[in-house]
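Note on naming: letters A, B, ... go to the chains in the order of the sequence lines (proteins, then strands), and numbering restarts at 1 for each one. The analysis underlying the following values was restricted to heavy atoms, covering all of them including side chains, and did not include hydrogens, waters or symmetry mates.
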Amino acid sequence: MTLTDEETLELHELLDGLVENNLSPAKKAKLEKWIMESDEVRRRYIYFMDMSSSLVHFADERISDETSEEKGLSAGEKIVRFVRPVALIAALLVAGFYLPRMFVDEQNDVGGLVSTVDKSSPSGVVQEEVIVDSVAVLTNTVRAKWAEEAEIKPELGKTLEPCTLKLESGLAQIEFLQGSTIVLEGPVEFEIVNPNGGELLFGKLRASVPQVATGFSIEVPNGKVIDLGTEFGLHVHKGGSTEVFVYKGRVLYEGVAGEDEDVFREISGGESVFVDPYGFPRWVEMPTEPFMGKAELAYRSMEESQRRHSAWVQLSKEIAQNPKTRLYFTFENQDDWSRVLPDTSTSSQTPSNGAVIGCKWEEGRWAGKGALSFKRNNDRVRLNLPQHLSSATLAAWIKIESLPLTVAPIICAEPLSLGAACWSINKQGKLALRVKSAKGLNVYESAVAFGKERVGRWTHVATTLDSKSKMISHYVNGRSFSHEKMIELVPLNFEKSLLGHSSSLPEGPKGVALRGSIDEFVLFEEAYQEDEIRRLYEIGRPNEPTNPFGSNSP
Amino acid sequence: MSSDPPDRSAELVQLMMKYQRRIFAYIHTLVPSRSDAEDILQETSLTICEKFKDFELGTNFYSWACQIGYWKVRAARKKFATAKVVFNQEVVDVISQTRGEMEEELDPRHGALSRCLEKLNDRDRRMVLTRYESGKNVSAAAQACGRSIQGAYKALTRIRKALFDCVSFEVSTEQVR
């Protein structure tokens, strides 16, 4: 039976793997079966291997010619030189046969011949390094905890220059600028080397390499794994052994075994190779542990989101029932058409529900959680909070779409009475609390807290007013950004106030919207301490988004 | 009265020079790993030297040497590392038998390969011959030709297929002549 074109190509692929000593057990079994069953395959196999032997002969002949030309050897000497010393001469000598003088001389030249063989480098890879500052981006994390001694502890969305990442636990997804993605699973130590490769010093990773990034390579203790268009997992054990598992496509493992034996393995989808600490590879059925992939990472992210959401639901019940809570908007369980923002605090006899004007409902920190966006000039939530608060904590989860040209109001009361307050982010990116006093306006600002890096990302902001210590404190993502002595003690009020909007800012146009979203807002009649603010942030912290660049990507 | 056997070393050297490539090719067909095949060739050569006194001039030296090679392969199979590609004995036997039937076809292919190598461009010829030099591998071939290793890997696959087809074409053309 004649082979089809496809079968012929497949056969040659198997034969190539065979002569490169790089055939998996499954492929070897297939070739054996094929050789046994098909006369044509058997004949082609013999032609191929015979050609391989002839190529050995011609390669040696070329060496012989080049050496003869260099040394000016005679034709007779050339013939002798062609005879492979390792095979024949040594054999004859051991057998004690008389040899013509020229053979003995030839043996003495063996060292000269061998010395022309370059064994200096196990790898002939021509690196096409791209010299740029940033080579990768941290694009996703799940409970990622960087090691204490790590040289860098990047935040989500951080662009990365060549560096060593030490992840103690959790998962971190890195996207290389040439398109490859790896997921590191802590504990792991990985060095980012260039936009298309790195070195796995210890631990596990899974790589996904699109066509455009073919050639992506990762160094491991005894060699290197070179992608040939694929998805694969790597595990470097503490003892220096390495496991390579290919999910789909092919990778090439090249390394050095023992002292100087070059080894290669081409590993295809579903195949796995174990490289021992001395560099000797062997085929194994399955890796010892699964490798985290993007899909699994997404799944774990979802699980993480659900876990976080559940924790926050508990916290929100606690806040709603807290007797010090004066106003609490959870933005939960709202229909798209809903125009009432319910105050869920249970301490007030009359809840201060807000009237939604213009704003659109959108997704909040988690899938399924609501938020209101304040994008157009007239977007706002009108509310009325009659109490005057001598001590207070304002806290909110907000996401701004751009840095404010004038101000980004979170909640502002109309400045009609003493203590009327406006809480906002000013154009310098500072969290600010303005309070109307008898003498004018008292303004309390934090250090600069909002830059480009916060645009498009959910951020927790809080400001406390403590009548006992007479301090105003600002917090961003649970951390203190400033403490300031109050200029005068004026109880705050939010009578006739607007959420996400201000219509009476001295430096701005008549009406200014937040240009962003709010998905939680709470007002306590009590000054929370830093640890309490931190708790609000930690429990409410969203799972990190898959694409953290959001709207600030260049 | 005892007499020393006649010195047949010159005769042996001549025969080995003539047939060594083919003996190696036979062994390499049964043992795809080149280094293993070279080891077995060396052992085979030793035995040939030892047994040469029993070889009758005028009989087929190549067949006699291949028989020794075949038994060396059988004996060596158990010694091979598991990571190396070793065929089942059944497969080895069927290959050996088929090869015996094809011997006359193979010699012309060696000559044809020489011509086909000349048809390759310089870079491809240097690549493939460097790869087959003693002690060299894909990495060395890549380095010699300024290519990446995966590029060299693909190139070698392409070149081998091209040479195989060229040789088949050359041989079939010769038969027509």
Visitor: To the nearest 0.5 Å, what is the distance between CG (B:L117) and CG (A:L55)?
Guide: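 The distance works out to 6.0 Å.
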Visitor: Is B:S168 in contact with chain A via its backbone, its side chain, both, or neither, using a 4.5 Å heavy-atom distance?
Guide: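 Nothing of B:S168, per the 4.5 Å heavy-atom cut-off to chain A.
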Visitor: Relative to chain B, which of A:D227, A:V263, A:I46, A:L252 shows the most heavy atom pairs under 4.5 Å?
Guide: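 Looking at each of A:D227, A:V263, A:I46, A:L252 in turn, A:I46 comes out on top.
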Visitor: Taking the side chain as every heavy atom from C-beta outward, state whether A:D50 and B:L113 have any atom pair closer than 4.5 Å.
Guide: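 No. Closest side-chain heavy atoms not under 4.5 Å.
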Visitor: Is it the backbone or the side chain of A:L15 that comes under 4.5 Å from a heavy atom of chain B, or both, or neither?
Guide: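 A:L15 has no heavy atom closer than 4.5 Å to chain B.
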Visitor: Report yes if some heavy atom in the side chain of B:R34 is under 4.5 Å from a heavy atom in the side chain of A:V19; otherwise report no.
Guide: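 The answer is no; the side chains never approach within 4.5 Å.
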Visitor: Side chain, backbone, both or neither: which part of B:E90 has an atom under 4.5 Å from a heavy atom of chain A?
Guide: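 When you check distances to chain A, atoms from both the backbone and side chain of B:E90 fall under 4.5 Å.
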Visitor: Judged by modelled atom types alone, do A:S54 and B:H110 share a side-chain donor-acceptor pair under 3.5 Å?
Guide: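 There is such a pair (donor and acceptor under 3.5 Å, judged by atom type) between the side chains of A:S54 and B:H110.
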Visitor: Looking at A:Y278, I'd like to know if its OH atom is crowded, meaning that more than 12 non-hydrogen atoms belonging to other residues, nucleotides or ligands lie closer than 6.0 Å.
Guide: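 At most 12 heavy atoms, drawn from other residues, nucleotides or ligands, come within 6.0 Å of this atom.
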Visitor: Examine whether an atom of B:R22 lies under 4.5 Å from a heavy atom of chain A, and if so say whether it belongs to the side chain, the backbone or both; otherwise answer neither.
Guide: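 Neither the backbone nor the side chain of B:R22 comes within 4.5 Å of chain A.
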Visitor: Taking atom NZ of B:K119 as the centre, does the number of heavy atoms from other residues, nucleotides or ligands within less than 6.0 Å exceed 12?
Guide: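 Yes.
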Visitor: Does atom CD (B:Q89) have a neighbourhood of more than 12 heavy atoms from anything else shown, all under 6.0 Å?
Guide: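 Yes, enclosed.
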Visitor: Are the side chains of B:V128 and A:F58 in contact, using a 4.5 Å heavy-atom criterion?
Guide: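 The answer is no; the side chains never approach within 4.5 Å.
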Visitor: Give, as side chain, backbone, both or neither, the part of B:S114 having an atom under 4.5 angstrom from any heavy atom of chain A.
Guide: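 Interface part for B:S114: both.
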Visitor: Below 4.5 Å from any heavy atom of chain A, which atoms of B:R99 appear? Answer side chain, backbone, both or neither.
Guide: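 Contact with chain A involves both backbone and side-chain atoms of B:R99.
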Visitor: At their closest point, which heavy atom of A:F48 faces which heavy atom of B:F164, and how far apart are they?
Guide: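 Reported closest heavy-atom pair: N-CE1, 3.7 Å.
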Visitor: Before giving the answer on salt bridge (Lys or Arg N to Asp or Glu O under 4.0 Å), spell out for A:D16 and B:R160 the whole-Å C-alpha distance, their side-chain angles and the decisive distance to 0.1 Å.
Guide: CA-CA 8 Å; A:D16 271 313; B:R160 284 194 198 101; 2.3 Å; yes
Visitor: To the nearest 0.5 angstrom, please state how far the NZ atom of B:K161 sits from the NE2 atom of A:H12.
Guide: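 The NZ atom of B:K161 sits 5.0 Å away from the NE2 atom of A:H12.
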Visitor: Spell out, as yes or no, whether a donor-acceptor pair under 3.5 Å connects the side chain of A:Y45 to the backbone of B:T29.
Guide: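 Yes; judged by distance alone, with no hydrogens or angles, the pair exists.
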Visitor: Based on non-hydrogen pairs under 4.5 Å, which of A:E32, A:K33, A:E266 is most in contact with chain B?
Guide: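 Between A:E32, A:K33, A:E266, the count favours A:E32.
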Visitor: Can you confirm whether B:E104 is buried at CD, in the sense that more than 12 heavy atoms of other residues, nucleotides or ligands lie under 6.0 Å from that atom?
Guide: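 No, the 6.0 Å shell around CD holds no more than 12 heavy atoms from other groups.
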Visitor: Kindly say whether A:D60 contributes a backbone atom to a donor-acceptor pair with the side chain of B:E133 at under 3.5 angstrom?
Guide: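 No, B:E133 side chain to A:D60 backbone: no donor-acceptor pair under 3.5 Å.
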Visitor: Check whether the side chains of A:E20 and B:Y153 place a donor and an acceptor atom closer than 3.5 Å, and report yes or no.
Guide: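 The criterion, which ignores hydrogens and geometry beyond distance, is not satisfied for B:Y153 and A:E20.
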Visitor: Out of B:T130, B:T157, B:V167, B:D39, which one racks up the most heavy-atom pairs below 4.5 Å with chain A?
Guide: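 Of the options given, most contacts go to B:T157.
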Visitor: State the OH-OG distance between B:Y132 and A:S52, to the nearest 0.5 angstrom.
Guide: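 Taking OH in B:Y132 and OG in A:S52, the distance rounds to 3.5 Å.
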Visitor: Search all heavy atoms of B:M102 against all heavy atoms of A:Y47 and return the closest pair with its distance.
Guide: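 Minimum heavy-atom contact is CE-CE2, 3.5 Å.
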Visitor: Side chains of A:S53 and B:Y26: does their closest heavy-atom pair fall under 4.5 Å?
Guide: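 Side-chain contact under 4.5 Å: no.
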Visitor: Does any heavy atom of chain A fall under 4.5 Å from the side chain of B:L163, the backbone, both, or neither of them?
Guide: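 Contact with chain A involves both backbone and side-chain atoms of B:L163.
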